[in-house]
A.B. asks: 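Mind looking over this structure? Questions follow.
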Amino acid sequence: GENVEQHPSTLSVQEGDSAVIKCTYSDSASNYFPWYKQELGKRPQLIIDIRSNVGEKKDQRIAVTLNKTAKHFSLHITETQPEDSAVYFCAASYFGSSNTGKLIFGQGTTLQVKP
Amino acid sequence: EAGVTQSPTHLIKTRGQQATLRCSPISGHTSVYWYQQALGLGLQFLLWYDEGEERNRGNFPPRFSGRQFPNYSSELNVNALELEDSALYLCASSLGGFNTEAFFGQGTRLTVV
């Protein structure tokens with residue numbers, strides 16, 4: 001069945017360091033890969049997404065890379081700040097003519113940025 | 001612009017009862033998605049409604065059901081509540097069609113005692 005594996009489950013970094021979170025998906029038809037940030041007690045918020053026709057996308061301090069062959073995508077956060085502390089979820093989905101409408105989420109990574 | 005709103009914020013029910021959760025999507029969004037976020041289990045897909053129709057459902061028993069109204073708001077019903085139904089239920093909306101970006105509501109925390 002469809003599955004997304006996310007690692008690590010927890011990540012602690014010093015302020016200013018980089019953080020990398022990795023996900024692997026099982027459904028080769030997946031073509032849309034969003035990343036959500038969920039702060040404690042708040043709703044998940046989309047921070048960046050990538051479609052299968054590109055290999056990398058950047059938005060200021062965050063970037064996502066996609067390796068379709070390996071069915072693997074990663075989130076990179078540079079120059080981390082305490083406000084980056086949150087739970088990060090990756091997800092995968094297929095959107096197209098036979099749209100399933102569902103995102104398959106990874107288990108989440110709790111990122112702690114120490115001042 | 002108002003975001004996705006859900007009500008109630010918290011709901012406490014007894015085992016065997018029914019729970020009804022409500023979601024209002026962002027204005028103009030026709031697709032509504034429901035997810036269950038149980039402790040330690042991430043977000044699990046429950047249901048997808050688009051243009052008033054149920055388009056897909058996740059691997060949940062039939063006692064989880066819902067509907068989408070003509071104004072695109074949605075309701076999730078959980079019958080015969082079990083203790084393991086205790087979770088945060090999140091609703092998300094998107095423009096529908098091939099539009100992929102989904103915006104989440106703040107969730108309804110359901111506690112079954």
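Given the structure is predicted, the values throughout are model-derived calculations rather than measurements. FYI, side chains are in, hydrogens and waters are out, and symmetry mates aren't considered; it's all heavy atoms of this structure. Here is the naming used below: chain letters follow the sequence lines, and residue numbers restart at 1 for every chain.
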A.B. asks: Looking at B:Glu82, I want to see if its CD is surrounded by more than 12 non-hydrogen atoms of other residues, nucleotides or ligands under 6.0 Å.
C.D. replies: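 Yes - once you tally the heavy atoms of other residues, nucleotides and ligands closer than 6.0 Å, there are more than 12.
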
A.B. asks: Need one label for B:Leu43: side chain, backbone, both or neither, based on atoms under 4.5 Å from any heavy atom in chain A.
C.D. replies: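 Contact with chain A involves both backbone and side-chain atoms of B:Leu43.
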
A.B. asks: A:Arg43 side chain to B:Phe103 main-chain N or O, any donor-acceptor pair under 3.5 Å?
C.D. replies: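 No; judged by distance alone, with no hydrogens or angles, the pair does not exist.
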
A.B. asks: For A:Gln38, is it the side chain, the backbone, both, or neither that has a heavy atom closer than 4.5 Å to a heavy atom of chain B?
C.D. replies: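 Answer is side chain: those atoms of A:Gln38 sit under 4.5 Å from chain B.
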
A.B. asks: Hey, what else clusters with B:Ile12 if you join Ile, Leu, Val, Met, Phe, Trp, Tyr whenever side-chain heavy atoms sit under 4.5 Å?
C.D. replies: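 Members besides B:Ile12, by chain and number: B:Val113.
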
A.B. asks: Hydrophobic cluster membership, with links at side-chain heavy-atom distances under 4.5 Å among I/L/V/M/F/W/Y: are B:Val32 and B:Tyr89 in one?
C.D. replies: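 In one cluster: yes.
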
A.B. asks: Would you say B:Leu46 and B:Leu81 are hydrophobically clustered, going by side-chain heavy atoms of ILVMFWY under 4.5 Å?
C.D. replies: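 Same hydrophobic cluster.
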
A.B. asks: Could you state whether A:Tyr88 and A:Leu11 fall into the same hydrophobic cluster, counting links through intermediate Ile, Leu, Val, Met, Phe, Trp or Tyr residues with side-chain heavy atoms under 4.5 angstrom apart?
C.D. replies: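 Linked, A:Tyr88 and A:Leu11 end up in one cluster.
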
A.B. asks: Mind checking whether B:Tyr35 and A:Phe105 have ring centres under 6.0 Å apart?
C.D. replies: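 Under 6.0 Å, so yes.
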
A.B. asks: Using only non-hydrogen atoms and a strict under-4.5 angstrom cutoff, which residues of residues 60-72 of chain A touch chain B?
C.D. replies: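 Residues in range: none.
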
A.B. asks: Check each atom of B:Leu47 against the heavy atoms of chain A and say whether the ones under 4.5 Å are side chain, backbone, both or neither.
C.D. replies: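 Neither; nothing under 4.5 Å.
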
A.B. asks: Inspect the surroundings of CG in B:Leu39 and state if more than 12 heavy atoms from other residues, nucleotides or ligands are less than 6.0 Å away.
C.D. replies: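 Check fails, neighbour count at 12 or below.
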
A.B. asks: Out of curiosity, A:Lys102 NZ to B:Gln44 CD, how far, rounded to the nearest 0.5 Å?
C.D. replies: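 Between atom NZ of A:Lys102 and atom CD of B:Gln44 there are 10.5 Å.
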
A.B. asks: Can you check whether B:Phe104's main-chain N or O pairs, donor with acceptor, with A:Tyr36's side chain at less than 3.5 Å?
C.D. replies: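 No.
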
A.B. asks: When clusters are formed by joining ILVMFWY residues with side-chain heavy atoms under 4.5 Å apart, either directly or through shared neighbours, do B:Leu21 and B:Val112 land in the same one?
C.D. replies: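 Result: yes, single cluster for both.
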
A.B. asks: Counting neighbours of CG on A:Asn53 that are heavy atoms of other residues, nucleotides or ligands and sit closer than 6.0 Å, is the number greater than 12?
C.D. replies: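 Result for CG/A:Asn53: enclosed.
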
A.B. asks: So for A:Pro44, is it side chain, backbone, both, or neither that comes closer than 4.5 Å to the heavy atoms of chain B?
C.D. replies: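 When you check distances to chain B, atoms from both the backbone and side chain of A:Pro44 fall under 4.5 Å.
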
A.B. asks: As an exercise: rank A:Val87, A:Leu46, A:Ile104 by heavy-atom pairs under 4.5 Å with chain B and give me the winner.
C.D. replies: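 The answer is A:Leu46.
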
A.B. asks: Residues two or more places apart in sequence or in another chain: which of them pass ring pair (Phe, Tyr, Trp, His ring centres under 6.0 Å) with B:Phe60?
C.D. replies: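 By the ring pair (Phe, Tyr, Trp, His ring centres under 6.0 Å) rule, B:Phe60 matches B:Phe64.
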
A.B. asks: What residues, two or more places apart in sequence or in another chain, satisfy ring pair (Phe, Tyr, Trp, His ring centres under 6.0 Å) together with B:Trp34?
C.D. replies: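 Checked B:Trp34 against ring pair (Phe, Tyr, Trp, His ring centres under 6.0 Å); zero matches.
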
A.B. asks: Considering residues, nucleotides and ligands other than A:Lys22, do more than 12 of their heavy atoms fall under 6.0 Å from its NZ?
C.D. replies: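 It does not: A:Lys22 NZ has 12 such atoms or fewer within range.
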
A.B. asks: Is there a continuous path of hydrophobic side-chain contacts, each under 4.5 Å between heavy atoms, that joins A:Val13 to A:Ile77?
C.D. replies: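 Yes, because A:Val13 and A:Ile77 connect within a single hydrophobic cluster, where side-chain heavy atoms sit under 4.5 Å apart.
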
A.B. asks: Are any of the side-chain heavy atoms of B:Phe45 and A:Glu2 separated by less than 4.5 Å?
C.D. replies: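 B:Phe45 does not reach A:Glu2 side chain to side chain.
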
A.B. asks: Using non-hydrogen atoms only, which part of B:Gln37 is less than 4.5 Å away from chain A: side chain, backbone, both, or neither?
C.D. replies: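 Answer is side chain: those atoms of B:Gln37 sit under 4.5 Å from chain A.
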
A.B. asks: Considering only heavy atoms, which portion of A:Leu103 lies under 4.5 Å from any heavy atom of chain B: side chain, backbone, both, or neither?
C.D. replies: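 For A:Leu103, backbone and side chain are both near chain B.
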
